[in-house]
2 protein chains.
Amino acid sequence: MKQDKEHQILQAAEEMVRQGGYNSFSFRNIASAVGIKSSSVHYHFATKEALGVAVTKFYTDKFLDALGNPQELLEKGIDPVGKYVEAFRAELEDNKGMCMCGMLGAEAASLPENVVKEIRTFFKRNQNWLQEAYTSKGFKDKEASAKALQAMALLEGAMIISNTLSDLKIFDISTQALLD
Amino acid sequence: MKQDKEHQILQAAEEMVRQGGYNSFSFRNIASAVGIKSSSVHYHFATKEALGVAVTKFYTDKFLDALGNPQELLEKGIDPVGKYVEAFRAELEDNKGMCMCGMLGAEAASLPENVVKEIRTFFKRNQNWLQEAYTSKGFKDKEASAKALQAMALLEGAMIISNTLSDLKIFDISTQALLD
DNA sequence: GTCTATAATTTGATAGAC
DNA sequence: GTCTATCAAATTATAGAC
């Protein structure tokens, strides 16, 4: 099934990007990870840029879908910001590596423009989500927008340092203030 | 002069890593940037790993030397944390790219262990510097240590997002809280 | 210290059979 | 959809002349 193989390819690509970035994986790496040949990967994604665009969209949708809706969370008695922090923390566990768009965002200056566009979409959609979360907690629009940016920045940076020092406690200490 | 060429090589390598990471530059890139051949780059740094270790040390020393001593800054009436924020902000300007160790830290899972060791040293020395800054401002050791981690995380993440969206204002909004 | 030349491998990508 | 075969280019690295 085509759908299935493409899904496997995207998952393999996501994993590799999260460990080492855009230039750390090859079509042959992906191919052997999903049990086909590199030419077959090209059948599904003609160029590396196309695969880069696809995997970034794939990751963005998956990440936001898993979060759900901030207001609905609040109605269920769940703090949406806490849920957001937990979503990032889960990425770090089991050595899955960085937030994929944090990694790609760092490398943005050297990536194809179409890939950069998708990374920007990730951050804009995440900022919107967090802004909604903060307004639903009672903050005014402008303050909620700033708090959304600050939370994203803190979480991306906490992942970098926790990832580098291989210590999940670093992540918890760094992001503690978001949970008050 | 050997010293001079090595310095040029390290500067070129730093710039390229900050734009695209460890796998985005080659010995030929470096060579043409400094006006020699790739085999001559190998004369100065035998392997890419050796160059990676050297450029990380180079960057760490340069970054911390430029900061000076936190207590002395305070005695001169300069807020050391403000100076630290400004040091990161300056890296972002003129499209120089990411903090080099933020970039490499994200890629840590795929880098040679000797390079990772140096990235860790960067973060540990920076945490010490910031901890000293916060204790000199009156915080107790444990709280100062946590605040140091939080500040580093916020700054690294703010760089990623500001870099991705090509908007320095993002950095300023994200890091505003550090300047209060 | 820098060069030319080259080795061995990997890379993104394509052509064409099945 | 997947394969084999192949290409042109790029990669890290080395040998040896100057």
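- Side-chain N/O atoms of T47(B) and base N/O atoms of dT12(D) include no donor-acceptor pair closer than 3.5 Å.
- In this structure, of dA13(D), dT6(D), dT2(C), it is dA13(D) that holds the atom nearest to the side chain of F27(B).
- Rounded to an integer number of Å, the gap from CD1 of I30(B) to C1' of dT11(D) is 14 Å.
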Salt bridge (Lys or Arg N to Asp or Glu O under 4.0 Å) assessment of E93(A) paired with R89(A): CA-CA 7 Å; E93(A) 283 178 318; R89(A) 191 183 197 275; 3.1 Å; yes
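- Atom CZ of F45(B) is separated from atom P of dT14(D) by 16 Å (rounded to the nearest Å).
- Applying the side chain to side chain donor-acceptor pair (under 3.5 Å) rule to pairs touching residues 56-68 of chain B yields E14(B)-K62(B), Y59(B)-E91(B), D61(B)-R125(B), sequence neighbours excluded.
- Residue S26(A) places at least one side-chain N or O closer than 4.0 Å to OP1 or OP2 of dT11(C).
- In this structure, of dT6(D), dT2(C), dC3(D), it is dT2(C) that holds the atom nearest to the side chain of H44(B).
- Separating the CG atom of N23(B) from the C1' atom of dT10(C) is a distance of 12 Å, rounded to the nearest angstrom.
- One atom, CD of Q8(B), and another, P of dT2(C), lie 9 Å apart when rounded to the nearest Å.
- Straight-line distance from the CZ atom of F25(A) to the P atom of dA13(C): 10 Å, rounded to whole Å.
- The base of dT14(C) does not come close enough to the side chain of S39(A) for any donor and acceptor atom to sit less than 3.5 Å apart.
- In this structure, H42(B) atom NE2 and dA8(C) atom C1' are separated by 13 Å, rounded to whole Å.
- Between the NZ atom of K37(A) and the P atom of dT2(D) there is a distance of 13 Å, given to the nearest Å.
- Listed nucleotides dA13(C), dC3(C), dT6(C) differ in distance to I36(B); the shortest reach to its side chain belongs to dC3(C).
- When distances run from any side-chain atom of R28(A) to the nucleotides dA13(C), dT2(D), dA13(D), the shortest one goes to dA13(C).
- If you take CG of N29(A) and P of dT11(C), they are 6 Å apart, rounded to a whole angstrom.
- Cation-pi geometry between K140(A) and Y134(A) is not satisfied (NZ or CZ under 6.0 Å from the ring centre, within 45° of the ring normal).
- The aromatic rings of F122(B) and F63(B) lie tilted to each other, with the angle between the two planes from 30° to 60°.
- For the pair K37(B) and F27(B), the cation-pi test (distance below 6.0 Å, angle within 45°) is failed.
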